[in-house]
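Each chain gets a letter, A, B and so on, in the order the sequences are listed, and its residues count up from 1. The structure presented is a predicted model; accordingly, all values stated were derived computationally and were not measured. The basis for the numbers below is simple: all heavy atoms, side chains too, and nothing from hydrogens, waters or symmetry mates.
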Protein chains: 2
Amino acid sequence: MDSGSTAGPVPADQRNVRRHNLGLVMRSISVTGWSTRARLATATGLTKATVSSLAGELIEAGLLTESGAQAKGATGRPGSVLEVNRQGHAGIGLEINVDYVAACVTDLGHRVRYHRVECVDNRTEHTASLNRLARMASAALRAAEEFELTPQGIAVAVPGIVEPERGRLLRAPNLDWTDLPIVDLLAERLGLAPTEIWLDNEANLAALGVLWFAGGSAWGDFVYVSSEIGVGAGIVTDGQMYRGARGFAGEIGHVSIDPSGEPCGCGGRGCIERYCGQEAILRSAGLPTDTATSTGNPDGPVTELLAALEREEQRAVRAVRRAGEALGVGLANVINVIDPDTVVLGGIFTPLAPWLVEPLTAALAGQAIAAPWSPPRVAVSSLGPEAAVRGAAGLVIEQMLSDPARITRSGQGLGNNRHV
Amino acid sequence: MDSGSTAGPVPADQRNVRRHNLGLVMRSISVTGWSTRARLATATGLTKATVSSLAGELIEAGLLTESGAQAKGATGRPGSVLEVNRQGHAGIGLEINVDYVAACVTDLGHRVRYHRVECVDNRTEHTASLNRLARMASAALRAAEEFELTPQGIAVAVPGIVEPERGRLLRAPNLDWTDLPIVDLLAERLGLAPTEIWLDNEANLAALGVLWFAGGSAWGDFVYVSSEIGVGAGIVTDGQMYRGARGFAGEIGHVSIDPSGEPCGCGGRGCIERYCGQEAILRSAGLPTDTATSTGNPDGPVTELLAALEREEQRAVRAVRRAGEALGVGLANVINVIDPDTVVLGGIFTPLAPWLVEPLTAALAGQAIAAPWSPPRVAVSSLGPEAAVRGAAGLVIEQMLSDPARITRSGQGLGNNRHV
DNA sequence: GCCGCTTAGTTCGGCAGCCTAACGAAGATG
DNA sequence: CATCTTCGTTAGGCTGCCGAACTAAGCGGC
């Protein structure tokens, strides 16, 4: 939860150079999985001498491991292999959503080592939900310990509008929660410092999850759109999340595609959510909309919808096609404004994609201004509803990758600040 | 036109530190107008020793001037005043728009030293327009020389979609120009290297113009929306332009507010431009839409519209109010997606603001999701149609401010590369 | 008018961190 | 076993920031 933001202009000195280059080496290894000092030198543009020094520091900090020599056979001395240390640090991701709570543990190699989901309706008193979340967090921390991983932070995804600097949830319409200092409440329950816990919007973190865990870097700048109970989007530019001035960016669910349309709970009319939200699709398909145990639940109404689609029931197919069309119209507007390379569909859009994509693409082609000579790419996330928790855990991991110096300096592991 | 973009990850060394700190000092002086070494040290967080060294280099490069001592009277030795050098380097801005061509010269202090507009219809063969533009550029260069300013670059604003890296105009619907290598064509006519000329979208540069020449830094992240013949927007985040993956960001004119609305030339339906463009407003006000000599022309139809509004003619007032409402509905969607602090109105919206803002604000309040607890601010640019040329000239200036090292190193002034 | 006080700017030595160059290490090849 | 190639380390040099000491310049008190 450390601000990390631009606290005004700041002078640079050699430490910045070091920090930058440590991150550079870490990143470079992270994308290819492994490397050697010589390879790193050519990949990063640094000299062998400097890479040696940087690598030494990263190994010291437990971020890299040196694992024997490179496969022999080639001419010349074989390099010694450097890998991201998968036995060292870890990130913890948590998620509260309308109808489930989830936790996961990820190692520095972006491997998911632990993952739990509990289906439960959180549209009630928030205390119970937070207690449950704290229990799951504790379990995840214990699991990490069993794997001999030292967690370096916790990130929490929530389906609402957030003030990341202060760790507050401002408003979650679909949970009916308002103005909750989630980071503080959770820190207290876990006995951790609030600076060790981050909070962000579910769609934003899901976008990052897709970026880091589903090959999203190949998509360039992209908009991740997902539907669960609500419809949200996360915008990724230049490998970074675009959060907007106050962190409200990506509220695509309440983009209007028909100003004279049906009124929405947000006060507006004709919001995308009214056409493409889970409930809207189910209703228009003539299926029950009992969302209490839907998304994560194999017996939920989404499963029923999928079954109906498989059976080619016309009402279901038409409902999904209409949703795709509406989404396309709304997304075209988004594309005209932010010009992404790709649109990525997630959440329940992932399983619905076979029926959704064609009408969506058609609508995009009609309205997106750049469409004629560079039509927007449409991709489907393979993560489905897991994207957000993974993104949360990934956030912690990525902080280590891009600023390894933090670990180099600070004491190791979560919760150590208590004793200072 | 130098790419400057991220050519992959790049190693950092002490030179980066120097570059950063040179920029820091330059920026710091630029915002306050003047400073002293001691003040700079506290303002930037650098030490006096370092600031001294940096200032020396900047003076050497002609970016700063040292002008006598600070006003006496206070206790202690008075500092010696450092100012941005207004007699040194300059930026040249050019603009081609539908019904005029403009040029301006700006000094390092963001002062406009020269400004010319010629009203002319450019919706014809582009050769004539480019010839005219080159003539105006030459005149501006001569003017700079007369002021003893050395131009460091030229930036060109065009009303269309652009590939900034290659300096090509891809498509300008309102000019009916397609795929023109404007930078190359202009460089040839002026005998300059293409790397000394930048090209960008008119709305983007206008947004920067507003940021740098009309106190826009107080607005935080903002969306600048202007209407001339078309309706365009520029998005400024963190003091920088948001260009999107391919530079098409901000094409707000073709955001749709009614998917069953009137068809638009872009292929879509119900585009904002059909409601808030200059022609649309004039037509719905029952005025002639002869745009050949409108925006820059005191006898043009916009002047007539303003006169009608002053006379409180109902048809004109209703037309503008309807435009404001439509713009509000469209902007609400934009705000929900990119969450700016402020919306800034420019172009012909500037004079229309007294009649436009109220219905616009009302529409925003109804549909923007964050409106209830932090309503979007609406501001009006004082620059009107001059914003884009100024932004273009400012772009050159800002490059010098944020990376003074470029000048420190390179030969002085435009066109010197010819002789290398 | 001299002396001390305060603030400004410079000089100098120290240190971090990158670079170049040279060198030892480890395997392949003949 | 000598030679070749590539890898990684070590030593020395340079850039650039910092801290501290020093000089500069104005003010005010006696």
Protein-nucleotides 15-17 of chain D N/O pairs closer than 3.5 Å?
{"residue": "dT15(D)", "atom": "O2", "partner": "Gln14(B)", "partner atom": "NE2", "Å": "3.1"}
{"residue": "dG16(D)", "atom": "N2", "partner": "Gln14(A)", "partner atom": "NE2", "Å": "2.6"}
{"residue": "dG16(D)", "atom": "N3", "partner": "Gln14(A)", "partner atom": "NE2", "Å": "2.9"}
{"residue": "dC17(D)", "atom": "OP1", "partner": "Asn21(B)", "partner atom": "ND2", "Å": "3.1"}
{"residue": "dC17(D)", "atom": "OP2", "partner": "Arg18(B)", "partner atom": "NH1", "Å": "2.7"}
{"residue": "dC17(D)", "atom": "O4'", "partner": "Gln14(A)", "partner atom": "OE1", "Å": "3.3"}

(message) By nearest heavy atom, map Ala49(A) and Thr36(B) onto DNA chain C; which one lands nearer the 5' end?
(response) Thr36(B)
(message) Taking the six-membered ring for Trp, are Tyr114(A) and Phe147(A) closer than 6.0 Å centroid to centroid?
(response) no
(message) Main chain of Asp221(B), side chain of Asp341(B): is a donor-acceptor contact present, judged purely on distance under 3.5 Å?
(response) yes
(request) Find out whether Trp219(A) and Val236(A) are in side-chain contact, i.e. whether some heavy atom of one side chain is under 4.5 Å from a heavy atom of the other. (result) no
(request) Identify the residue among Leu63(B), Leu64(B), Leu149(B), Ile29(B) that makes a side-chain contact (heavy atoms from CB on, under 4.5 Å) with Leu108(B). (result) Leu63(B)
(message) Show, in sequence, the C-alpha distance, side-chain angles and deciding distance for Arg37(A) and Glu66(A), and conclude whether the salt bridge (Lys or Arg N to Asp or Glu O under 4.0 Å) test is met.
(response) CA-CA 10 Å; Arg37(A) 291 172 177 78; Glu66(A) 189 156 17; 2.8 Å; yes
(message) How many whole angstroms separate atom CZ of Arg37(B) from atom P of dG9(C)?
(response) 6 Å
(request) Grab the CG-P distance between Leu24(A) and dC18(C) for me, whole Å please. (result) 11 Å
(request) Kindly say whether Ala49(A) contributes a backbone atom to a donor-acceptor pair with the side chain of Ser53(A) at under 3.5 angstrom? (result) no
(request) Taking the side chain as every heavy atom from C-beta outward, state whether Ser30(A) and Glu83(A) have any pair of such atoms under 4.5 Å apart. (result) no
(request) If a protein heavy atom is under 4.0 Å from the base, mark B; if only from the sugar-phosphate, S; if neither, -; do that for nucleotides 23-30 of chain C going 5' to 3'. (result) -BBBSS--
(request) Evaluate the side-chain proximity of Ile154(B) to Leu192(B): yes if any heavy-atom separation is below 4.5 Å, no if none is. (result) yes
